[in-house]
> 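After the structure tokens below, expect a handful of questions from me.
Positions are given from 1, in the same order as the sequence printed here.
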Amino acid sequence: MEEAVSRILTELEEARCFDGSTNLHSQPPPPLSESALFNLQSLLDNSIGTDEQQPVDRLYEDLSAKSLSPSSLIRAIASAMDEPSPRVSILASKVYLSLLLAPNAPVFTLFNPMDFLSFLRSMRRFLKQRPRTTPNQESIAPKRKRKGGVKGKGLRNCAQRQSFNGGHHDGEFDARVLYPVLERLGILMSLIHLDRFPDSLKSLVETVIDIPVLALEVCSNLSIYSKLTNLCSRILSATLRPEHGDLVSIAAEVIKSLSPLILHHKDQARAFALEFVTIQIANAAKESDGVKSALVNLPRYLVQKAPEKSEPRALAVDSIMEVVKVMEFKDQIGFVDYVVKMTRGKSNLRLLASDLISTLIMSLSDPVAVDSESELKDSWRFGCLVALVQRCSDAGATIRARALSNLAHLVVFLSDNDKNKALLKEVLGSGDRHCKKNGSEIHARLRKRCVDEKAAVRKAALFLVTKCTALLGGSMDGDMLKTVGIACSDPLVSIRKAAMLALSEAFRRFPDESVTVEWLHSIPRLIADNESSIQEECENLFQELVLDRLSRVGSSSLPRDGSRTLDLKRQFELLIPGVLDLLKEISHAEVMPWVKKVCANLGKKKRLKPSIAVSLQKIIGTSESLWLRQSLPPEKWTAPPGAWFLLSEVSAYLVKEVDWEFLHHHWKILDDHGRTEFGSPVAQVGLFGDENNPESNSIAWAQDRVFLLQTISNVSLELPPEPAEKLAHELIKKVEEFSMHSTEVNAHVKTLKTLCKRQAMQSAEADTLILTWVNQLLSKASQILEKYISKHRKAKKDVNFITPPPKSGSRLGKRATAPSKSLSRAITAAYTIGSLIIICPSADITTIIPLLHTIITSGNRDPKSNKLPIQTVSIKETAPSLYVQAWLTMGKICLADEKCAKSYIPLFLQELENSDCAALRNNLVITMADFCVRYTALVDCYLTKITKCLRDPCELVRRHTFILLSRLLQRDYVKWRGVLFLRFLFSLVDESEKIRQLADFLFGNILKVKAPLLAYNSFVEAIYVLNDCRAHSGHNDSKASRAESRLFSIRGNDESSRRKRMHIYVSLLKQMSPEHLLATFAKLCSEILGEASDGKLSMDDTTARSVLQDTFDILACKEIRLSINRGSSSESGDVDEEGGESGGASAARGKVITHVVRKSLIQNSLPIFTELKRLMESKNSPLIGSLMECLLVLLKDYKNDIDDMLVADKQLQKELVYDIQKYEATKAKSAAAAAVNEMQKSTNYISPEAPPHVRNSISKLTSKLQKDSRVASAIADVAAAATAKSVLREVNRGTSTPPLGSLSLPKLKSRTGGNNGANTSRLNVIESVRKRQSFDSDEEN
């Protein structure tokens, strides 16, 4: 030990030159060597551990004997603490603290603020060290890209590090080395008073608080880290003592230093800071008002420092709430008021306030009971909810989304308590005591948010609607139902799902008629959605809300009294509630296809329950029983609409659950009593029929027969052989009569085919049976057609030889034109032929084709026959229904026979172009679409003729053409080439709203994904085609005829035509990506404006001027200008409403690049604009105004960059600036003249006793116009000119002006009607008039 002390003294003597030095700029003394530090530490450890003071006392004595002060030893240790080696530095720190804690140590002599700072720096340096890697390891270890920043780096690397001690290398680390240092520092805090050294105290607080953050980087052992944080907390607690200074200042400094850790994204560091604040600071706040004030202000300080990103902001909200919870209630209410005020602050504060309000309401308890309505509105929760509702209409999309989402979570949280539910209803306007105005405003806000432009807002609004409907019991009004129904067709998957849940929740809670209608028209159609999850959800909802509801129809006893006064529908509704409206809407024409697909999917997955078939049979039986109980005629009974339809769909998968006796019984009823002569109205009213509309009842009866036959066909495999054979014979006999409605023919034929398969043992035998009766029916049908044609020829000959031809009112004319029974049979026979060919393509049709050919060509007259004076009457004129049906049947035959199709497809196209019957054109379009699928190569060359139907005068033909061609294009049977895409553009501005909606969906959702370059590649050509411009050399050689070109153009410069064309252009621009928008801008400038400036596009042509006008409007529209938030939501899918950090960085980079590229484009296009302007001025073109308007818009964002953009051409720069200023001045003067004229007219008609609001409106208009300096100056000039003109009119009075000397002074009238008596004023007026240069007065001319 003596040797150790001797070596220490020797090192200190070598540094004697530094002893006693007070020069602050002198070099620090040399540090103690590592061996000396170890020896000194051993000496101090022995003295502390054994309570022996001799070694330490001897050290001080030896220092005194050598004339060395203790401070020289401390300075040498401080120099060692500043060493770059972490091992030496931390060892010196330990020695430093041990020396201060040694028995009888002169603490006040040894403690120095600079040495203490060296000690703090050594701890920071120790925690910031990183393991060193040898050169070999560096060459072997691959360089990997670090993911997730520095998070978790200590957890990955700490396992590779060895425990640090005195004999290990610097690169090795062990956090436990800090244990003795921090323990000694905690003890030292009770010995020293830092009130004299505030900087040292501040540095100590900052260092201790940084230790948990720095330790996260290098330590992965949770127990070690926990002990480190406990030691740090103990040290920070020791600083909160009066001996270290003002307790309030210390607490404020500690809280301020802990704030970054409270907002830190690392859980361990955040937990350490929150624990210290909520326990240590909170305990100190109970004893000191100053500390309490600092604690109360901490949440406000954290609010200002909270980040804006989603996840860090959520952590900040949680941390703030942890602090708020330990505050007293009145302080909590004060913070609540502060948060409510934040909702009217900046955007980041409003966003944070939306999250804080939700957390405050769910976290804080209100000790004050709220009973009355006045107390309810005065509660702090009411104010928070009102503020949150207001943020639902915030200008920022992110704030709106967060507010709506938080409000939905609050609805869930507060709906458990009756008082809280009453509070919610009062705020949201769905309670009993709220005013109607408040409720309507809330509903209007929700409807608006459900159609918001931002996807996150729409999703949050639908989520709120769902929760309000489910928990608060608020039903949707009609407008809200329609809005949610429209949202079911949103481009985003998440929005569609949210809309499905919202509408289904309303249907689940309030299954009234309006909700049922909207649900069935919106949800089942989603079974055809591209997203499989939506299809599954659609199936689940349909099974729960429709099928399960129908399945719950239990056994209901009939009413005992047979009262005839009680409405039958009312009785049925009482027996089976909620069924009539549901079944009726299922049978709607727009709902049935989707219900079929849903039932088919559920059946294939074996998810259909047997109880649904049983319940449907019970519903039908109950309606029949009710009808018979009233002693009503059985032949007029009809089942509830939709019951037979739904049974026909589910029976295909629930064959054994359908009773054959039940089917046979109702088949007899419908067959024996319901069928009447074809062509006359069926006298069916029934329980659910309409007495005022017998035709619709007839159709309903026929549909019931069809669905019943479909059900029989589905269960035919389970039928006994004898009833099946008997039924087949009955069906054949009915078909042979050819007297059925067309809707029944297919059902009979399909059922016959199924029954034949049931009777046959093998498939070949079944085919033979089917072919036998098909040929038999075809033979009889051909005989009927041949008989009718012969009769028609005979009648035509009789008519031809009558002189003169019979008048329409004669008995013979009536007999010739009246519908006959033979015509009805012929029409049914033709339809039956088509149905038979579809189920049996191999049937013999050799005799059928000539007969159909005769009918469909009857309208084509022989040119030679036109020379004869004989009047000819064709089947097309006498029997148009048969003519249309013959074309439809011929189309079915062509689908089965390719050879026949090659011969007749040109005839189909010819008839499609020439027919004046909308029904026939509609059928031909559908037939041609089927031909395109079956014979793609044959029809491809005729597509341009088919697309002419997009401009058909009939809306139904246009809509079907659009739908069919769209499907063919999606399935790649037709390609987007040639004029096809350009002709589809006209559907965007179609007269029909339905067609416009379909077109918007096609271009905005389908083509945007399937063919993203289509709009860009065809944009310039679309401008020429829409204007029917052929002035350009590249568009002269068009293959389309002039008539077709006119048909597919929107010519003219009228407001309506320009608006339609601009709507098409904007729709195309919305489909383009940012780079395509830039390229389109360049193409418009080069291919249209450049061609016009070069003279290739003649401006003398009207259509060419329209092209230029459209080009200027496009370049000036906002859609072609890029926005930083512009993107394709449908392509990106469901993104977070705030985005991530990388998204914001990429958006910023994209904004800079876009700005640079657009600036370059405008700079390159300015010479084109200048040359075009000169050309227009030389020709005095009326398009100069449009050009200048466009140029003003383009240069609006680059006013400060014009000098840089035209640095190479100063003359062009001056000319451009001069022209723009001149144009703006002229435009301002024109606007001012119109405004002054309007104001003068308004003033002239205002009496002195006019109401004040009239004069106020004129003064507001004047002040609004005078805000612009140009307009104000122009107003002054125009007003002066108008005054001068009025003076001239008073002076001149239309006569020639005599010499000035011979003129007498004029008597001018004042505004008040009096005369001016001063001669000087009159002279001034005349002089002012004479000084005017010129007056352009239209009235004087």
Side-chain angles (χ1 to χ4, degrees), residues 887 891 905-992 994-1003 1006-1007 1010-1011 1014-1015 1017-1019 1021-1028 1030 1035 1037-1051 1060-1061 1063-1064 1067-1068:
W887 277 106
I905 284 180
L907 286 179
F908 278 92
L909 265 298
Q910 180 182 348
E911 186 67 22
L912 181 62
E913 290 180 335
N914 301 330
S915 176
D916 55 355
C917 177
L920 178 57
R921 295 197 304 272
N922 186 63
N923 290 338
L924 291 176
V925 167
I926 298 173
T927 303
M928 293 305 299
D930 292 336
F931 287 164
C932 191
V933 176
R934 185 69 61 88
Y935 315 113
T936 307
L938 292 177
V939 185
D940 188 64
C941 57
Y942 301 111
L943 281 176
T944 55
K945 295 185 178 181
I946 299 176
T947 54
K948 290 176 65 177
C949 294
L950 291 171
R951 304 290 286 174
D952 194 275
C954 178
E955 178 189 350
L956 182 64
V957 176
R958 296 198 307 272
R959 187 165 75 244
H960 282 173
T961 304
F962 182 87
I963 294 173
L964 293 171
L965 289 179
S966 300
R967 290 178 179 177
L968 294 174
L969 289 164
Q970 293 178 57
R971 297 167 63 184
D972 290 331
Y973 285 108
V974 177
K975 301 298 181 182
W976 289 103
R977 59 171 178 263
V979 298
L980 187 59
F981 174 75
L982 300 176
R983 293 187 175 183
F984 259 78
L985 296 176
F986 288 86
S987 300
L988 290 168
V989 290
D990 194 273
E991 299 175 357
S992 171
K994 292 183 178 180
I995 297 178
R996 293 198 301 269
Q997 291 176 355
L998 291 172
D1000 290 336
F1001 184 79
L1002 175 68
F1003 286 95
I1006 298 176
L1007 290 185
K1010 188 175 180 62
L1014 202 55
N1017 292 331
S1018 305
F1019 192 82
E1021 187 179 2
I1023 299 177
Y1024 284 102
V1025 171
L1026 292 177
N1027 287 281
D1028 192 21
R1030 295 170 177 265
H1035 296 81
D1037 301 328
S1038 176
K1039 295 181 180 180
S1041 63
R1042 192 67 179 173
E1044 290 186 7
S1045 179
R1046 287 289 184 92
L1047 182 64
F1048 287 93
S1049 65
I1050 311 176
R1051 291 171 58 109
K1060 288 181 179 180
R1061 294 198 300 268
H1063 178 76
I1064 295 175
S1067 300
L1068 294 180

> What I'd like to find out is whether the side chain of H960 reaches to under 4.5 Å of the side chain of C954, using heavy atoms alone.
no
> Side-chain contact test, heavy atoms from C-beta onward, threshold under 4.5 Å: evaluate it for L907 versus W887 and give yes or no.
yes
> List for me each residue that meets salt bridge (Lys or Arg N to Asp or Glu O under 4.0 Å) alongside E955, sequence neighbours excluded, and say none if there are none.
R959
> Which residue, I946, D930, V933, forms the side-chain contact (heavy atoms from CB on, under 4.5 Å) with V939?
I946
> With rounding to the nearest 0.5 Å, note down the distance linking SG in C917 to CD in E911.
9.0 Å
> Do N1017 and F981 come close enough that some side-chain heavy atom pair is under 4.5 Å?
no
> Are side-chain heavy atoms of L950 and F986 found at a separation under 4.5 Å?
no
> Tell me the closest heavy-atom pair linking A1015 and L1068, and the distance in Å.
CB-O, 3.8 Å
> Calculate, to the nearest 0.5 Å, the distance between atoms CD1 and CG belonging to I905 and L938 respectively.
5.0 Å
> Do the side chains of L969 and I1006 get nearer than 4.5 Å, heavy atoms only?
no
> Do you know the tightest heavy-atom contact between L912 and C949?
CD1-SG, 3.7 Å
> S1067: which residues meet the side-chain contact (heavy atoms from CB on, under 4.5 Å) condition with it, sequence neighbours left out?
L988, H1063
> Work out which heavy atom in N1027 is nearest to a heavy atom in R1051; give both atom names and the distance.
O-CG, 3.8 Å
> Taking all non-hydrogen atoms of both residues, which atom of L1002 and which atom of S966 are closest, and how far apart?
CD2-OG, 3.7 Å
> Closer than 3.5 angstrom, by distance alone: can the side chain of T947 be matched with the main-chain N or O of T944 as a donor-acceptor pair?
yes
> For a quick test of reading the model, state the closest non-hydrogen atom pair linking K948 to F1048 and the distance between them.
CA-CZ, 3.7 Å
> Under a 4.5 Å cut-off applied to non-hydrogen side-chain atoms, are F908 and Y942 in contact?
no
> For the residue pair F984 and F962, categorise the inter-ring angle as parallel (less than 30°), tilted (30 to 60°) or perpendicular (more than 60°).
tilted
> Give me the atom names and distance for the closest heavy-atom approach of S915 to L920.
OG-CD2, 3.5 Å
> Out of curiosity, D972 CG to K975 NZ, how far, rounded to the nearest 0.5 Å?
4.0 Å
> Taking atom NZ of K1010 as the centre, does the number of heavy atoms from other residues, nucleotides or ligands within less than 6.0 Å exceed 12?
yes
> Roughly how far apart are R983 CZ and S1049 OG, rounded to 0.5 Å?
11.0 Å
> Judged by atom type as modelled, is there a donor-acceptor pair below 3.5 Å linking the side chain of D940 to the main-chain atoms of T936?
no
> Mind checking the CG-OG1 spacing from L924 to T961? Nearest 0.5 Å is all I need.
10.5 Å
> By the definition side chain to side chain donor-acceptor pair (under 3.5 Å), identify the one residue from R996, Q997, K1060, R958 that meets it with D990.
R958
> Checking the side chain of R1061 only, and the main-chain atoms of I1050 only, is there a donor and an acceptor separated by less than 3.5 Å?
yes
